[in-house]
Amino acid sequence: LDGLVALPTIVSVTGVTLDRTAVNLTTGGIVQLAATVNPANATNRAVTWSSSDENVVTVSTNGLVTAHHAGTAVITVTTIDGGKAASSVITVTSSTSTSPTTPANPTPSAPQVEVGNGKVTVHPKADDNRTAQIALKPEDVRKALETAAGNSLTISVQPGNGVDAVYVDIPLQDLAENGKVHVITVETGLGAVTIDSSLLKEQGDSNAATLRLSVMKVDSTTLPANTQTQLNGADVIHVALSLDGTEVSRIQGNEVQVSIPYTLKAGENPNKVVVYSVNDNGQLEVVKNGKYDPATGSVVFKAKQFNSYAAAYADVGFSDVGETHWAKNAIEALAARGALSGVGGGQFNPNGNVTRAEFIQMLMNVFELIDSSAQSSFPDVKEGAWYAKAIASAKAQGIISGKSDGTFGVNDPITRQDMAVMVFKAAKLLGIDLNGYQTIAFRDASAIAGYATESVESMAKAGIISGMGNGMFAPNEQSTRAEAASILFKLFNLQ
């Protein structure tokens, strides 16, 4: 009929079910619950999750349950449409400090164990839930520590194919007494985690008896549709750690390194393989320090918290950065991580000048140095401006000091020597090794300002910044966006 618009058909929710109605866990354990909303074509399939006792277990917005203390709690999923509900009873038992954790679902037989050269290799059998649970014997850990040539202990769990979760309990007494070994690497097949013993001290658990590491696949179909599209089939891996049954969440420094397997597809640029963390709303956040390691076929990154992660390809490009552009790799790699962006219309404007505000924003983004609580003292930095937090953070961390008139010079094009100074200070803050392999004597060295001399020399020796040709550095020339990206990417690869 003319003038009438057909209204969409609304399909109401009739019910919801859970894949498990009862689960047994030990403290520190995790389990992924999956909800099925009926009918499958319901208009609003959104659900909420809740725990009857968050002291016992907590549940994320996508149904990932974490056990904290012994007891029983009920996890309930409720549909937004109609308030339909389903529940699962979670029973949590304690893991003691005097004996290895008792597996919730014991493996049918003792795993094969090999020890030597600072390494414990375990070949467990998975249970009916596709889970491998291992409690290392103190004597095996002790023997591995005695044969370690360096400062690390490796636990290699090789459960074979078809395993969705690996739980490893590691007795810590002999590790603490050893003194020499202070790095633990746990390989699970699903991913590898390297832990520095300083993490135990920061958690106030330097006397902890048992460390439990959990690595498991997350059912990505429970994530929002846009997240699934962005992941494009990539596995989501949840990493959790507990000490004597108490979950560790936040990580203060760089004590934890995670490695996730990734198979490069034909034509993929390894520099555009990106690590994402999954937040409580099921949305993806880039972990900017992630890098693909061709030697292991994995993406390696420093974790800031124990969480769910995925490695996926971010195919970012710009129409004005062609295949032969000298900075194409750097520009696209940093853009894939969200550390820099284009100028609109699908373009990057590689030959355009970069302002001081733009460069410090790039620098602080690349190395994840922005402190949301920082406050700027520069009169030309307006609170709430897109660059305010980056500039305030850089000032607080000693990366910038501003101009002689007390301003920062937000809209001033950045000079090559000032860019070198900021990058040099950031490198020192990050503890990046800048031991140079070349000595460059620029013909215009006398034109480099005194405050920038050390920075330019160090950056040049490390191969991070180069001259403009004919032996000239051109300290007062303005930097282009392509030059800025290239320099930041070179430093990124040194961290």
Side-chain angles (χ1 to χ4, degrees), residues 253-254 288-289 330-331 334-335 337-341 352-434 445 447-466 473-495:
N254 293 319
K288 294 183 176 65
N289 70 77
I331 292 169
L334 296 183
R337 289 162 174 78
L340 53 77
S341 57
N353 291 333
V354 58
T355 67
R356 288 167 59 84
E358 288 172 336
F359 182 73
I360 204 64
Q361 183 75 42
M362 291 180 189
L363 173 63
M364 303 301 281
N365 274 346
V366 170
F367 299 103
E368 300 176 288
L369 293 174
I370 296 178
D371 178 0
S372 61
S373 65
Q375 300 292 321
S376 173
S377 58
F378 294 113
D380 60 335
V381 177
K382 297 180 180 180
E383 190 63 33
W386 58 266
Y387 48 75
K389 291 302 180 183
I391 292 174
S393 300
K395 175 70 182 309
Q397 295 168 40
I399 295 174
I400 59 174
S401 56
K403 306 184 76 172
S404 58
D405 63 358
T407 66
F408 177 69
V410 170
N411 296 316
D412 296 346
I414 194 167
T415 63
R416 286 169 50 79
Q417 66 181 0
D418 283 356
M419 183 169 60
V421 170
M422 293 179 191
V423 173
F424 177 65
K425 290 182 177 179
K428 291 178 67 176
L429 176 69
L430 294 163
I432 296 176
D433 185 2
L434 293 176
I448 300 173
Y451 69 83
T453 300
E454 180 186 9
S455 299
V456 172
E457 290 179 350
S458 297
M459 293 293 100
K461 287 181 180 179
I464 295 174
I465 195 167
S466 58
F473 178 71
N476 293 306
E477 284 197 17
Q478 298 169 2
S479 174
T480 67
R481 288 169 55 82
E483 288 172 339
S486 176
I487 288 170
L488 291 176
F489 188 56
K490 287 177 181 178
L491 185 65
F492 173 82
N493 282 325
L494 289 181
Q495 69 171 338

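In what follows, every heavy atom counts, from backbone to side chain, and hydrogens, waters and symmetry copies are set aside. One is the number of the first residue; the rest follow in order along the sequence.
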**OP:** Could you check F408 against I360 for side chain to side chain contact (heavy atoms under 4.5 Å, CB included), going step by step and ending with a plain yes or no?
**Re:** CA-CA 11 Å; F408 177 69; I360 204 64; 4.3 Å; yes

Is any side-chain heavy atom of [X] less than 4.5 Å from a side-chain heavy atom of [Y]?
X	Y	answer
F424	I464	no
M422	I414	yes
F367	L491	yes
L340	N365	no
Y451	Q417	yes
F359	V423	yes
Q397	L369	yes

Distance, nearest 0.5 Å, that separates [atom1] of [X] from [atom2] of [Y]:
X	Y	atom1	atom2	result
S486	R481	OG	CZ	14.0 Å
Y387	M362	OH	CE	15.5 Å
E483	E477	CD	CD	8.5 Å
F492	K288	CZ	NZ	10.5 Å

Closest contact, heavy atoms only, [X] versus [Y]:
X	Y	answer
V456	I448	CG1-CD1, 3.9 Å
K490	G463	CD-O, 3.4 Å
S479	A484	OG-N, 3.9 Å
S401	K395	CA-CD, 4.4 Å
P475	A447	CG-O, 3.6 Å
P413	Q478	CB-CD, 3.5 Å

**OP:** Check the pair V381, V410 against side chain to side chain contact (heavy atoms under 4.5 Å, CB included), reporting the backbone distance first and the verdict last.
**Re:** CA-CA 7 Å; V381 177; V410 170; 3.9 Å; yes

**OP:** Just do the side chain to side chain contact (heavy atoms under 4.5 Å, CB included) check on F378 and I400 with the steps written out, would you?
**Re:** CA-CA 11 Å; F378 294 113; I400 59 174; 3.9 Å; yes

**OP:** Carefully, step by step, assess I487 and M459 under the rule side chain to side chain contact (heavy atoms under 4.5 Å, CB included).
**Re:** CA-CA 9 Å; I487 288 170; M459 293 293 100; 5.7 Å; no

Original post:
Under the 3.5 angstrom rule, does the side chain of K389 hit a backbone N or O of A374 as a donor-acceptor pair?
Top reply: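 Answer holds: yes.
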
Subject >> Passing candidate, salt bridge (charged side-chain N to carboxylate O under 4.0 Å, His left out) with R356, options D412, D418, D380 >> reply: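 Only one of D412, D418, D380 forms a salt bridge (charged side-chain N to carboxylate O under 4.0 Å, His left out) with R356, namely D418.
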
